[in-house]
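One structure is given here, and the rest of the page talks about it.
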Amino acid sequence: MTPPAGPAGRPQPRVPIGDRLVASAYTLGWALVRYVPERVAAWFFRVLADVLWRRRGRSVLRLESNLARVIGADPAAPAVRALSRAGMRSYFRYWMESFRLPSMSRERIVSGMNITGAENIFDNVKKGRGAVIALPHMGNWDLAGAWLGHVGYPFTTVMERLRPESLYERFVAYRESLGMEVLPLTRREGGSAMAFGTLARRLRQGRPVCLPAERDLTASGIEVDFFGARTRMVAGPALLAIQTGAPLLPAVLWFEGRGWGVRVYDEIPVPAEGTRQEKAAAMTQSVAAVFEKGIAEHPEDWHMLQRLWLDDLEPRPGGPR
């Protein structure tokens with residue numbers, strides 16, 4: 001059977017069955033979980049998290065390796081094992097809440113959010129500076145974004161493309177329904193960056209921009225010290241602040257009972273001396289230091305189930321890692 005034709009009559013590539021199953025699972029989650037009582041949904045996702053934790057798959061082992069660096073322990077230590085269980089429960093709580101979020105009331109979101117330092121965003125937006133908010137993958141960043149929109153500060157963010165394309169489009173529609181403007185991190189074909197210019201325009205318009213910032217293992221990432229080892233973090237937040245004059249505001253997120261905690265830290269200043277790249281490197285290292293503090297205080301809510309540190313990467317044949 002010939003694949004359906006796309007633009008200009010080009011055949012569309014077949015979507016692998018695994019990708020189709022993943023997309024279907026997410027669609028089913030958004031369709032059903034919001035109608036289940038919250039306590040029942042929370043119990044189900046907690047049980048599911050525990051089942052996967054006991055299986056000790058690749059993601060759980062990677063989470064334990066990452067958390068071991070955070071608390072300075074051996075990955076096999078009982079404390080790390082207990083922390084990874086809490087981490088998996090936190091991660092699955094994120095998904096449970098995300099599936100329910102489109103039906104959550106404004107009152108539930110606003111009343112459940114305990115935020116410190118919000119004035120760092122509000123004051124700068126009111127002054128027309130905008131704000132570059134740099135976030136690690138902690139707590140429920142979608143819900144924090146929904147809160148920011150509900151209190152009158154809609155923002156722009158970026159999202160990397162997912163497979164299949166239908167899943168990416170579903171995620172974009174979901175986040176746009178929460179009041180976010182979502183830009184693709186890369187073009188549909190080719191992979192060249194396209195979001196930076198639009199983000200800079202939004203900041204010059206005085207609007208906030210929210211960006212995940214603690215992982216960029218590409219050659220364009222900036223090397224930083226993070227929990228005693230080297231990794232690469234996203235250069236974009238610092239470069240946007242340098243180029244537009246918007247404040248760079250690191251923030252950390254966590255779960256707090258049935259609600260959520262957020263702390264927005266003070267502005268990281270642009271260094272007075274150095275090249276653009278040197279300034280960006282210094283500012284990104286400062287962001288890393290803030291993330292260290294926040295993650296150390298709430299390690300169970302840091303959802304890093306992928307490789308992060310450079311010495312954890314697999315060496316490439318015939319070349320550097």
Donor-acceptor under 3.5 Å ([X] side chain, [Y] main chain):
| X | Y | answer |
| --- | --- | --- |
| Arg307 | Leu313 | no |
| Thr231 | Leu308 | yes |
| Asn66 | Gln306 | yes |
| Glu292 | Phe227 | yes |
| Asp142 | Ser98 | no |
| Asn124 | Pro247 | no |
| Ser105 | Arg108 | yes |
| Arg100 | Val36 | yes |

Tell me whether the NZ or CZ atom of Arg89 lies within the 45° cone about the ring axis of Tyr91 and under 6.0 Å from its centre.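 The answer is no, since Arg89 fails at least one limit relative to Tyr91.
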Within 45° of the ring axis of Trp309 and under 6.0 Å from its six-membered ring centre, is that where the NZ or CZ of Arg230 lies?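 Here Arg230 fails the 6.0 Å and 45° test against Trp309.
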Side-chain contact, heavy-atom cut-off 4.5 Å: [X] with [Y]?
| X | Y | value |
| --- | --- | --- |
| His150 | Ile109 | yes |
| Val70 | Trp302 | yes |
| Met304 | Met138 | no |
| Pro154 | Met180 | no |
| Glu181 | Leu199 | no |
| Val234 | Arg215 | no |
| Ile295 | Val252 | no |
| Met283 | Val270 | yes |

May I ask you to check whether [X] and [Y] show a side-chain donor-acceptor distance below 3.5 Å?
| X | Y | value |
| --- | --- | --- |
| Ser90 | Arg93 | no |
| Asp301 | Tyr94 | no |
| Trp254 | Glu300 | no |

Does the side-chain contact (heavy atoms from CB on, under 4.5 Å) test come out yes or no for Leu211 and Leu240, once each step is laid out? CA-CA 11 Å; Leu211 299 172; Leu240 283 166; 3.8 Å; yes
Salt bridge present between [X] and [Y] (N-O < 4.0 angstrom):
| X | Y | value |
| --- | --- | --- |
| Arg56 | Glu64 | yes |
| Arg81 | Asp74 | no |
| Arg258 | Glu97 | no |

Shortest non-hydrogen contact from [X] toward [Y]:
| X | Y | value |
| --- | --- | --- |
| Thr284 | Met233 | CG2-CB, 3.8 Å |
| Asp312 | Ser65 | OD2-OG, 4.3 Å |
| Val80 | Pro75 | CG1-O, 3.6 Å |
| Pro250 | Ile268 | CG-CD1, 3.4 Å |
| Ala282 | Pro271 | CB-CG, 4.0 Å |
| Arg232 | Thr218 | CD-O, 3.3 Å |

Roughly how far apart are [X] [atom1] and [Y] [atom2], rounded to 0.5 Å?
| X | Y | atom1 | atom2 | answer |
| --- | --- | --- | --- | --- |
| Phe255 | Asn140 | CZ | CG | 5.0 Å |
| Asp50 | Met88 | CG | CE | 9.0 Å |
| Thr156 | Leu203 | OG1 | CG | 8.0 Å |
| Leu63 | Leu61 | CG | CG | 9.5 Å |
| Ile121 | Ile133 | CD1 | CD1 | 3.5 Å |
| Leu52 | Phe92 | CG | CZ | 4.5 Å |

With ring centroids as reference points, do Phe291 and Phe226 lie under 6.0 angstrom apart?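 Not close enough - the centres of the two rings lie 6.0 Å or further apart.
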Are Trp141 and His137 close enough that their ring centers fall under 6.0 Å?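 Yes - the distance between ring centres of Trp141 and His137 falls below the 6.0 Å cut-off.
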Check the hydrophobic clustering (I, L, V, M, F, W, Y; side-chain heavy atoms under 4.5 Å; chains of links allowed) and say if Phe45 and Val40 are grouped together.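 No; tracing contacts between hydrophobic side chains, which count when under 4.5 Å, never links both residues.
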Start with the C-alpha gap between Met113 and Leu143, add the side-chain angles, then the distance that decides, and say whether side-chain contact (heavy atoms from CB on, under 4.5 Å) holds. CA-CA 9 Å; Met113 187 67 63; Leu143 200 143; 3.6 Å; yes
Verdict with supporting geometry, Arg201 and Thr198, side chain to side chain donor-acceptor pair (under 3.5 Å): CA-CA 5 Å; Arg201 285 194 295 275; Thr198 303; 3.0 Å; yes
Heavy-atom count check: over 12 atoms from other residues, nucleotides or ligands less than 6.0 Å from Glu297 CD?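 Result for CD/Glu297: enclosed.
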Can Leu248 and Glu267 be said to form a side-chain contact (heavy atoms from CB on, under 4.5 Å), step by step? CA-CA 5 Å; Leu248 175 56; Glu267 175 180 353; 5.6 Å; no
Run Glu273 and Lys279 through salt bridge (charged side-chain N to carboxylate O under 4.0 Å, His left out) and show every step you take. CA-CA 7 Å; Glu273 304 293 335; Lys279 291 177 180 179; over 6 Å; no
Verdict with supporting geometry, Val125 and Arg207, side-chain contact (heavy atoms from CB on, under 4.5 Å): CA-CA 6 Å; Val125 170; Arg207 296 177 55 178; over 6 Å; no
